[in-house]
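Take a look at the structure below.
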Amino acid sequence: MLQEEMPSPSELSGEAGELLKGLTPPQMQAVQATEGPLLVLAGAGSGKTRVITRRIAFLIHQGVPPWSILAVTFTNKAAAEMRERVLTVLGHDPKLTRGLTVTTFHSLCARLLRRYAEAANLKPEFSIYDSSDQATLAKRVIAELQLSTSNWPPRSVLSAISNAKNDLLDADEFAARAHDFYSRTVAKIYQGYAKALKLAGAVDFDGLLVLTAKLLQSNAEVRRECNERWRYLLIDEYQDTNHAQFVIASLIAGKNEEGHPPNICVVGDPDQAIYGWRGADITNILEFEKCYPGTQVITLGENFRSNAPILHAADQLIRNNQKRKHKDLFTSRKGGEHVEVTLTRDENHEAALVVDWLKSVKDERDDSPTSIAWREMAIFYRTNSLSRVMEDALRGAGVPYTIARGTAFYDREEVKNAVAYLRLVANPSDDVSLSRIVNTPTRGIGSTSFGKIEDYAAEHGTPVLHAMREAGQLLDVVGRGAAAIGKFVEMIDAWTGGGTFMGAQVSTSLADLVSRVIRESGLEAMYRTQAKASNSDADMERLDNLDELVSSARQFEMEFDAMADPAAETRNADGLARPNDQTPPLLAMLRAYLESIALVADADAVDPAQGAVTLMTLHAAKGLEFKAVAIIGLEEGQLPHSRARESQEQLEEERRLCFVGITRAMRRLHMTSSRYRTMRGIPERTIPSRFLDELPRESVRFSNQADATSGLEDFIARGEGGSGGGGGGQRYEPEGEFAAKDSKRAKLAWSSSSGTPKNAAFPVGAIVRHPQFGEGEVVSISAGVNARATIRFRGVGTKTLVLEYARLTRVK
DNA sequence: TTGCGATCCCTTTTT
DNA sequence: GGGATCGCAA
């Protein structure tokens, strides 16, 4: 039946030539080299996404059935975008992309594991555990083994387990290789952890990959089906794939059989490899050619994104990496603003400066044809902890912003609780979710009775919920506890129809189920009571978030059908049979919904439509671009991170991270380094990042705005441990603090202050014009390189502006 | 059993 | 600064 839907060339808009329009020769080559292994080395900003999109469209245009194409991207967002763009190129005919699979490794694996659950020795309702679930489970296992969590911190044990998994070692294989005390203990924990996961019917992030790889390795039938289904494989960000992903990719691509090398196309840039710490193996890309003899290699070097100084800065920086295959980055664009680098006093000063800079960039109309909108700006940082001060400053200045934290919503306590109920509904064995909500809201199942049940469950190797059903008879749980437990079990059964998901009392829609769970579990009432008692906005917001969760379920429901991943369902001409399709629709939808929640990435939250400045980590910035970019915290210990300075490899990865950040910028780039930074509540003196020294002088304008009286004295004298306490972020009182009284302190390669002091040009009483606020009168002005003027604007009110960026013109 | 307060520990990056 | 945990009081 699907054969009939195969696009005939006449249905395609335009000729193949259309698909190649506007491409450079190497880009065109990459689009057209459809057969056999292909490695595309795509430099930053070289039009990689464009090439991938056109390539998929080209394949379809050549008559390749869309369902035989599998494209793997790094984030869901990238996948959705790619699908959309392919559709656009093909003239918005949904029929043409029907069955096309564009997804992430993790989603793909989750799909495959559900589909082949039996072969993978899993229950199809398995839960996906995120890192906090993993930690909960690991803690329990460590305790059961009578080990202390201080000697065996769950997080580091988990990271050892994660490394093992990335190398495709299961618990027993790992144990067999463990010889020293440490790894033997880790092996024990790993084995206990694996057992606990199994019992809970749960799979962790790494597990999705491992289990899929093992499934494909061990099961010829599954492998055959995948090979037949997907004939064209395309993998983006290949430099960041780990060993497990490599194995999955090569198994799906198939072996070099019958003299036909697989049609596998990988795209990546070794200079942007930033996930070594989580097992990404850069040799995957460097040795792709060895792995696939006859590989065609195409290099895309021309940059279409950044202006010349930005690109030059990036290029010079990355040249400092020793372990690197040099690739020329070039652009034919001329001109463009210098990269700005500013040394600030502390994080508040830094934040204020960045805010001012963003404002000035937004208002800038004199020197550039168009101003840059908020949504085209971004602020990057190495660690999440740097966002807080920045947020305060943005909020204080009334600049709209969003943080790219995909999981932020689902990380909220109230949402996590509701989701835990849902996970238990979908998977009654999910002990981690159960223990989270069994007494939330409090319903008289305290740790004593629940502990007994857990012990009983552990002893009998049964899921805890199952043990609860028998608690009444079997345990010495006294009256009150037993009744509460009985009620809890009944409540769950009512939602699931006793596990059948059938019957009149079961919800017919996902949104209804979610809203019922929130109401009947008592979560809503609990938060309502809390909100009334405290009368705080934060508590009111919890209720809103629960409503929002219902909406998200409703939206998911609407898109679920149309969402067309017939991908996983569609069969090819050979008619791949799909095993057990007996799943009740509500349950199937719930599983898919929970899966989508579990696999959101930070970068998924980047939404330019919001009209706001985007804040994110450098890692999350990969693959994106913005007209104006600020990167903060360029300090030793922060940007080459202190934990990453031990080895040359790690240092080079930090440099690549910096490189990724720089190359996101199209027109304007500003990097800041703060002389003092508050770490764990203590202000610490910092050293500017070595990466700043590696930037080319001719493309960069350095400015030292930190030197004056040292800063620390003032900082401590103000009696506020950083964080802008009372005074608040950007409303920094400059009063001479930045005046260059003590120029001896100016060190390093910092030219002290750029330009001449501007304050002389705007004496108190002068009438000035601001591009946004209009005319105003100077009320006061401070001295120094970071001079600010307080100006009373007509109708707008009084503003304090940094002269350096305010773009004031004097009227009178 | 529950709720609150003190204390301790921490800190990279993420699917 | 802040989150998690633990202990103690009601």
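Below, read A as the first sequence line, B as the second, and so on, with proteins coming before strands; counting in each chain starts at 1.
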Quiz item: Atom CZ of Phe174(A) and atom CG of Leu168(A): how far apart are they, to the nearest 0.5 Å?
Solution: 14.0 Å
Self-check item: 5' priority, DNA chain B, between Arg443(A) and Asn76(A) [closest heavy atom]
Solution: Arg443(A)
Practice problem: Taking Glu653(A) for its side chain and Gly276(A) for its backbone only, find out whether a donor-acceptor pair lies under 3.5 Å. | Solution: yes
Quiz prompt | Partners passing salt bridge (Lys or Arg N to Asp or Glu O under 4.0 Å) against Glu636(A) (at least two apart in sequence or in another chain) | solution = Arg645(A), Arg690(A)
Self-check item: Distance between P atoms of dA4(C) and dT13(B) (Å, rounded)
Solution: 15 Å
Quiz prompt | Rounded distance in Å - CD1 (Ile403(A)) to C1' (dT14(B)) | solution = 16 Å
Exercise. Please lay out, stage by stage, how Met82(A) and Thr73(A) fare under the test side-chain contact (heavy atoms from CB on, under 4.5 Å).
Key: CA-CA 9 Å; Met82(A) 187 153 301; Thr73(A) 61; 4.2 Å; yes
Quiz item: Could you give the CG-to-P distance, from Asp240(A) to dT14(B), as a whole number of Å?
Solution: 13 Å
Quiz item: Does a salt bridge link Asp240(A) with Lys622(A), judged by any charged N lying under 4.0 Å from a carboxylate O?
Solution: yes
Practice problem: Rounded off to whole Å, could you give me the CD1-to-P distance for the Ile128(A) and dT15(B) pair? | Solution: 14 Å
Self-check item: Sugar-phosphate or base contact per nucleotide [nucleotides 3-13 of chain B; S, B, -; heavy atom under 4.0 Å]
Solution: S-------BBB
Exercise. May I ask you to list the residues of residues 129-140 of chain A, by number, that have any heavy atom positioned under 4.0 Å from an atom of DNA chain B?
Key: none
Quiz item: Quick one: Asp204(A) CG to dT14(B) P, roughly how many Å, whole number?
Solution: 18 Å
Practice problem: Quickly work out the Arg388(A) CZ to dG3(C) C1' distance and round it to whole Å. | Solution: 13 Å
Quiz item: Separation of Glu237(A) atom CD from dT14(B) atom C1', in whole Å?
Solution: 14 Å
Exercise. Using atom CD1 of Ile682(A) as one end and atom C1' of dG1(C) as the other, report the distance to the nearest whole Å.
Key: 10 Å
Practice problem: Say whether, by atom type as modelled, one donor and one acceptor occur between the side chain of Ser647(A) and the main chain of Gln650(A) under 3.5 angstrom. | Solution: yes
Quiz item: Hey, is Arg423(A) close enough to Asp133(A) for a salt bridge, meaning N to O under 4.0 Å?
Solution: yes
Quiz item: What interatomic distance, in whole Å, is found between C1' of dT5(C) and the corresponding atom of dT12(B)?
Solution: 23 Å
Quiz prompt | Centroid separation Tyr676(A) to His349(A) less than 6.0 Å | solution = no
Exercise. Could you tell me the separation between the CG atom of Leu158(A) and the P atom of dT15(B), rounded to a whole number of Å?
Key: 17 Å
Quiz prompt | Side-chain donor or acceptor of Thr442(A) paired with backbone N/O of Asn439(A) under 3.5 Å | solution = no
